[in-house]
Protein chains: 2
Amino acid sequence: MKSPKHTVDIRLQNKQIVMRLLCFHEPMSRMEISQDTTLSPGTVTNVTGELLQEGILAKTGLVESVGGRPRTLLTISPNYGYLIGVDLGETHIQLELFNLARQKLGAIRYGIAESGNTPDYYVEQISSGLKELASSTGIKEEAILGIGIGVPGVVEHNGYVSIAAPMWNWQRVEFLNMLEAKINLPVYIDNGAKAMALAESWFGAGRGVEDMAVILLGTGIGAGIITKGSLYRGATNSAGEWGHTKIELNGRPCRCGSQGCVEAYAGAPGIISSLKTLSGESAKQDEDQIVTIKNLVEAYRAGDSSAVQVLHATAHYLGAGLANLVNLFNPELVVIGGWAGLLIGEAIMDELKKYVAQYALAPSAAHLKIDLCQFGQDAICMGAACLVLEEFLSANKKFMRQSVEG
Amino acid sequence: MKSPKHTVDIRLQNKQIVMRLLCFHEPMSRMEISQDTTLSPGTVTNVTGELLQEGILAKTGLVESVGGRPRTLLTISPNYGYLIGVDLGETHIQLELFNLARQKLGAIRYGIAESGNTPDYYVEQISSGLKELASSTGIKEEAILGIGIGVPGVVEHNGYVSIAAPMWNWQRVEFLNMLEAKINLPVYIDNGAKAMALAESWFGAGRGVEDMAVILLGTGIGAGIITKGSLYRGATNSAGEWGHTKIELNGRPCRCGSQGCVEAYAGAPGIISSLKTLSGESAKQDEDQIVTIKNLVEAYRAGDSSAVQVLHATAHYLGAGLANLVNLFNPELVVIGGWAGLLIGEAIMDELKKYVAQYALAPSAAHLKIDLCQFGQDAICMGAACLVLEEFLSANKKFMRQSVEG
DNA sequence: ATGACTTATTTTAAGATATAAAATAAGTCA
DNA sequence: TGACTTATTTTATATCTTAAAATAAGTCAT
């Protein structure tokens, strides 16, 4: 709903306001809701009354009285509906099922054969995973509010997906349409970093922060940017492509075809390449990136000078790239995530902060906080589920009275 | 007004909706307003009726009938109130007075003695300029809705201004308070590039564009970024500091103290420095930048190879920096302005577009347009006046019925 | 237990707004 | 001049919010 112009719109909007408040501050009594929303107590009674009758809210207990009628606590009914979040990775698919209290009720993970990266294959995997998840948790498909999918690429607004990862090469695939044809549920797709940013800003390291960025360090580098409390998408939903911002005009070649991108230096292959260059080894193509990075961090902790040098250099590149983002967006908080980010995050944090402070302008750098993400492995699934949740919270139809009597 | 919760809020909001529509699409009939806003004809009658009675709207004519009652055209009364926009530059102050139809009714320009850059001096100049402007145009101060000021520095939300330009060195000056103590009008201050971006997006090269960036090329380099139709400010109003994003990790020293900033290469002194380096001359400190750039563009047009080389290099640096901005913000349009931008814009446009397309990712680069700004000299004053206009359009108090009878 | 007091929630009465439909206004055109 | 067309205003009805009054459901001292 854009702007209420009608008296009925007010009721709808007030229901939304109450739902959003409860979603982030459960449980609350009617009085507390009234105070936080500036809605009068009578209105809160009316609004929550409808929501209770519809089964969207539930009473969950009383607050012990301090000399008066005790407050009744209200929450969103955890089982009013369920959310499915899918993390479509370069090497795996993970599906997770949550209730409205964001409790994980089930999960499935598939590895992916290197040859199977066609859209049809993924549609099939997601669709069958969905059924499996529903039956294993005993949840009826009708109770699922929708399915959100985070993908490692660019998603246009009409659901066209482009993924440039090696072995993939999807170009404007009509993925949303394909999924909707196969799956009888509302489907939402977005870039994985964007989804993760949503999860971290709503329920993770950035609870309550209005302007923040979530940085995803993995094989590739991405970012999700939250402005004014909601996901920043730009004109065609491809905002936040931080991994391919340039910090060296004639720098290292990047897999995107350009040179000097942040990703070329601070993506896992970039870090490994720095390491090999320093030690004179040639990079082994098939070596396990995760193991290599883990070993690097261990060596760093042990004081190994090459490891220190490489991680400092990585912090330097990241700091310069992050300073550009900070100068442009002026966020209050930057959250570091992604598997590589989780591994190296603590080790590089001090250096990273130092370089950001050095390269970013003082007014933006002064109040900036940098933290690590809170949802490790589950961040993208969680974020994908948040795409559904976001829709649920603004889904006026859900809050409309379908049949009124008396 | 954040979210209407009350029936009276609806009326206020609908007044705002109508005002904004008229501000950008004058003149319109009630029927057209009804269609564009989805408000019913009866409501439009009520809303415009109040606005007409308050003198905010006026009838300006009829549309010739095509076989029915002719439409009455409505506009915002141009003389309901006036706006003052101030361009506080590094070397001048310019004040302009506009009516609500954005017609310039008067202007004053002061040069600035190099020694006079104290806050007190500027407060004095603005305050006396204001009086002069009012008396020379014959407009009463009570009719002035407010005064907007664009400054070449960072403005925090509480009105603390920091300007790092040579000769200035303002650090968190309480400029807003100082002005408000002296001037008996609503005062709004913001960064000049931000103000200019507002003007270009509302009434200039970006009319109707929701996501865009305005790039200011002058002695310094700044940017104003419009997202979802309004100015993007970030957490502490210092977003958009594009001039100090880095494109070379160990690049040219910049006056900000860092290295490799876009400004160091493509600000006027940076361009001139490129030119001197190429020709082997040492840069003369006191040479007039404007003249030098003008000569450079003339030489370029005449096919001078050094000039071509320098402007191509400038386009290269700008293109790389702009690609970073485009990757992060995914705007629909980039507008080039500022005095240097106006001079070199046409000459470098093709090369600039080429480099942006080369460095930015395809999904963001594909739909991007790059244009020149439309308000040359007046852009910052115009934008500063838009700060007042923005406030006017969302000033509920103005639209409240002060005294209702019958 | 009882009455006084306290706090939470619901009910009620009044005021405001929007819309749809009907009425009116102000033209064109043959 | 009358039929027709389109714009705007008026009217009747349904909602909504709030403030204030009424109820509900406790605590606490006696």
Side-chain angles (χ1 to χ4, degrees), chain A residues 1-18 27-53 57 59-74 396 399-401 404-406, chain B residues 1-18 27-53 57 59-74 396 399-406:
Chain A
M1 173 171 30
K2 284 302 160 185
S3 53
K5 294 165 184 163
H6 194 238
T7 47
V8 175
D9 295 338
I10 293 186
R11 172 57 58 89
L12 248 45
Q13 166 134 328
N14 285 343
K15 279 185 172 182
Q16 274 189 30
I17 289 173
V18 168
M28 288 180 93
S29 71
R30 293 178 180 82
M31 287 317 291
E32 291 166 326
I33 293 173
S34 169
Q35 285 153 18
D36 277 27
T37 56
T38 73
L39 258 30
S40 73
T43 300
V44 174
T45 290
N46 288 336
V47 167
T48 56
E50 281 183 24
L51 257 12
L52 282 162
Q53 202 171 5
L57 294 187
K59 299 179 184 175
T60 48
L62 297 177
V63 163
E64 63 290 6
S65 163
V66 282
R69 178 174 175 171
R71 302 175 169 200
T72 308
L73 293 176
L74 304 176
N396 302 316
F399 304 150
M400 292 282 273
R401 278 159 300 175
V404 192
E405 52 238 304
Chain B
M1 173 171 30
K2 284 301 161 186
S3 53
K5 293 164 184 163
H6 193 239
T7 48
V8 175
D9 295 338
I10 294 186
R11 171 56 59 89
L12 247 45
Q13 166 135 329
N14 286 342
K15 279 185 173 181
Q16 274 188 30
I17 290 173
V18 168
M28 287 181 92
S29 72
R30 293 178 180 83
M31 287 318 292
E32 290 166 327
I33 293 172
S34 170
Q35 286 153 18
D36 276 27
T37 56
T38 73
L39 257 31
S40 72
T43 300
V44 173
T45 290
N46 287 336
V47 168
T48 56
E50 280 183 25
L51 257 10
L52 280 163
Q53 202 169 8
L57 293 187
K59 300 178 184 175
T60 48
L62 297 177
V63 162
E64 64 291 2
S65 162
V66 284
R69 179 174 174 173
R71 301 174 169 202
T72 309
L73 293 176
L74 303 176
N396 303 317
F399 304 150
M400 294 279 275
R401 278 160 299 172
Q402 346 248 240
S403 59
V404 193
E405 50 239 306

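Residue numbering restarts at 1 for every chain, and letters A, B, ... go by the order of the sequence lines.
Comparing atom distances between the R69(B) side chain and each of dA7(D), dT18(D), dC16(D) picks out dA7(D) as nearest. Comparing dT8(D), dT9(C), dT17(D) by their nearest atom to the side chain of R71(A) picks out dT9(C). In the set dT17(D), dG27(C), dT8(D), dT8(D) carries the atom at the smallest distance from any side-chain atom of T72(B). When distances run from any side-chain atom of P41(B) to the nucleotides dA8(C), dC16(D), dT9(D), the shortest one goes to dT9(D). For R11(A), whose side chain is taken as the heavy atoms from C-beta onward, the closest listed nucleotide among dA18(C), dT8(D), dC16(D) is dC16(D). Closest to the T7(B) side chain, of the nucleotides dA24(D), dG15(C), dA18(C), is dG15(C).
Of the residues in residues 27-38 of chain B, those with a non-hydrogen atom less than 4.0 angstrom from any atom of DNA chain C are T38(B).
With a 4.5 Å cut-off on side-chain heavy atoms, M28(B) and L73(B) do not count as touching. You'll find the side chain of V18(B) reaches within 4.5 Å of the side chain of T48(B), heavy atoms only. In this structure the side chain of R11(B) reaches within 4.5 angstrom of the side chain of V47(B), judged on heavy atoms.
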Kindly give the atom pairs (protein nitrogen or oxygen, nucleotide nitrogen or oxygen) under 3.5 Å for nucleotides 27-30 of chain D.
none

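Partners of L62(A) by side chain to side chain contact (heavy atoms under 4.5 Å, CB included), not counting sequence neighbours, listed by chain and number: P70(A), T72(A).
Applying the side chain to side chain donor-acceptor pair (under 3.5 Å) test to residues at least two apart or on different chains, the pairs with a partner in residues 33-43 of chain A are T38(A)-K5(B), S40(A)-T43(A).
Taking a pair as Watson-Crick or G-U wobble with both distances under 3.5 Å, the runs of three or more consecutive pairs in DNA chain C are C:1-30 with D:1-30.
For the residue pair P27(A) and E32(A), the shortest heavy atom distance occurs at O-OE1, 4.4 Å.
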